[in-house]
Amino acid sequence: MTQGGIKLGKIIAVVSGKGGTGKTSFTANVGLALAALGCHTLCLDCDITLRNLDLALGLSDRALMDFTDVIAGRCTLEDAVVQHPKYPKLHLLTAPLSARPMPIAPEQMKALLDRIRQTYDYCLIDAPAGLGMGFHLASDYADRAVVVTNTDASSLRDAQHTVMELDRLGRGNLHLVVGRVEKKLLRSLHTTIDDAMDAAGLPLLGVVPEDRNVPYALNTGIPLRECSNYAARAYENIARRIMGQRIPLMRI
């Protein structure tokens, strides 16, 4: 995407129809991988009052300002973002914790995302689960969307409903990620993936295996890529595909 001859970054909404699919882990770990691969990346938490992206990135309590402070003009984008200490190309813009969040007009969110496009190569937006106001804040002005699901029948059905809400992006800008795939499902993996793709009607961006190091990384604040070469490799493969590289699905 270009504007006035200037190449703009891509805004990618990371969404799910229900909680527990691994959406926040996806946002954090693909963001870390993009930064490690040399891309100037912002992870934006849109889960107002229930934010956890800072924990997933190991940046707990580092953010003093949130994206509503930028929208309200209380600080600049540069002042609100937090740089990751180990991955300098990765930044976090967090969500407010207030139980009574300020109303955000669509044009305000659009203006914020336009500013982000001019600053970063990629912005991954961690949307709240479900299809409410936070979902629309995260997705209405995104360039692409990734629907994160798992192999549960209810999750696949919710993914299908989520896709219906994203039709305006066009199917070429929508992708599916199947997360938390267990080894015991290996024999039926292809059938499971086919069912997921049929249910959502989307091309597959990647498969993420179940990995006990994911909760360990979350609880210790250590980036997953520094304590695991299993799920972390799947996230890096997905990051490479986002960058346009042709990477085969990893063997689980």
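With hydrogens and angles left out, the side-chain atoms of Thr68 and Asp66 include a donor and acceptor closer than 3.5 Å. Asp158 and Ser155 share no donor-acceptor pair across their side chains, judged by distance under 3.5 Å alone.
Side-chain contact between Leu124 and Val30 is present, with at least one heavy-atom pair separated by less than 4.5 Å. At least one side-chain heavy atom of Leu131 sits under 4.5 Å from a side-chain heavy atom of Thr162. Cys46 is listed as a side-chain neighbour of Met109, based on a closest heavy-atom distance under 4.5 Å. Residues Val208 and Val177 are in side-chain contact: their nearest non-hydrogen atoms beyond the backbone lie under 4.5 Å apart. Residues Ile48 and Ile104 form a side-chain contact, since some pair of their non-hydrogen atoms from C-beta on lies under 4.5 Å apart. Side-chain contact check for Arg240 versus Leu37: some heavy-atom pair is nearer than 4.5 Å. The side-chain heavy atoms of Val70 and Thr76, taken from C-beta on, include no pair separated by under 4.5 Å. Put simply, the side chain of Tyr122 does not reach to within 4.5 Å of the side chain of His40, judged on heavy atoms.
Closest heavy-atom contact between Tyr235 and Phe26: CE2-CA, 3.6 Å. Closest of all the heavy-atom pairs between Val81 and Glu78 is CG2-O, 3.6 Å. The two residues Pro103 and Gln108 have their closest heavy-atom pair at O-OE1, 4.1 Å. Across all their heavy atoms, Leu34 and Ala239 have their closest contact at CD2-O, 3.7 Å. Ala145 approaches Leu166 most closely through the heavy-atom pair CB-CD1, 4.0 Å. Nearest heavy-atom pair across Gly38 and Asp121 is O-OD2, 4.4 Å.
With Val178 as the partner, the side-chain contact (heavy atoms from CB on, under 4.5 Å) test is satisfied by one option alone out of Leu204, Thr21, Val147, Asn150: Leu204. Of the candidates Asp45, Leu59, Ile125, Asp45 is the only one forming a side-chain contact (heavy atoms from CB on, under 4.5 Å) with Leu53.
Heavy atoms of other residues, nucleotides or ligands lying less than 6.0 angstrom from CZ of Arg168 number more than 12. Around the CG atom of Asn219, the shell of radius 6.0 Å holds more than 12 heavy atoms that belong to other residues, nucleotides or ligands.
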Would you give me the side-chain donor-acceptor pairs under 3.5 Å for residues 85-96, sequence neighbours excluded?
| from | atom 1 | to | atom 2 | distance (Å) |
| --- | --- | --- | --- | --- |
| Lys86 | NZ | Glu226 | OE1 | 3.1 |
| Tyr87 | OH | Glu226 | OE2 | 3.0 |

Donor-acceptor pairs are to be reported for all side-chain atoms of residues 134-142 against protein atoms at under 3.5 Å, with residues two or more places apart or in another chain.
| from | atom 1 | to | atom 2 | distance (Å) |
| --- | --- | --- | --- | --- |
| His136 | ND1 | Asp140 | OD1 | 3.2 |
| Ser139 | OG | Phe135 | O | 2.8 |

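A donor-acceptor contact shorter than 3.5 Å links the side chain of Arg241 to the backbone of Leu205. Using modelled atom types, no side-chain atom of Asp79 and backbone atom of Cys75 make a donor-acceptor pair closer than 3.5 Å. Under a 3.5 Å cut-off, the side chain of Thr41 and the backbone N or O of Cys39 do form a donor-acceptor pair. Not one N or O on the side chain of Asp69 forms a donor-acceptor pair closer than 3.5 Å with the backbone of Met65. The main-chain N or O of Leu77 is never found under 3.5 Å from a side-chain atom of Arg115 such that the two would form a donor-acceptor pair.
Between Asp211 and Arg180, no side-chain nitrogen of the basic residue sits less than 4.0 Å from a carboxylate oxygen of the acidic one, so the salt-bridge criterion is not met. Using a cut-off of 4.0 Å between Lys/Arg side-chain N and Asp/Glu carboxylate O, Lys23 and Asp126 are scored as salt-bridged.
Judged as a salt bridge (Lys or Arg N to Asp or Glu O under 4.0 Å), not a single pair has a partner in residues 24-36 (not counting sequence neighbours).
Atom CZ of Arg62 is separated from atom CG of Asp54 by 11.0 Å, given to the nearest 0.5 angstrom.
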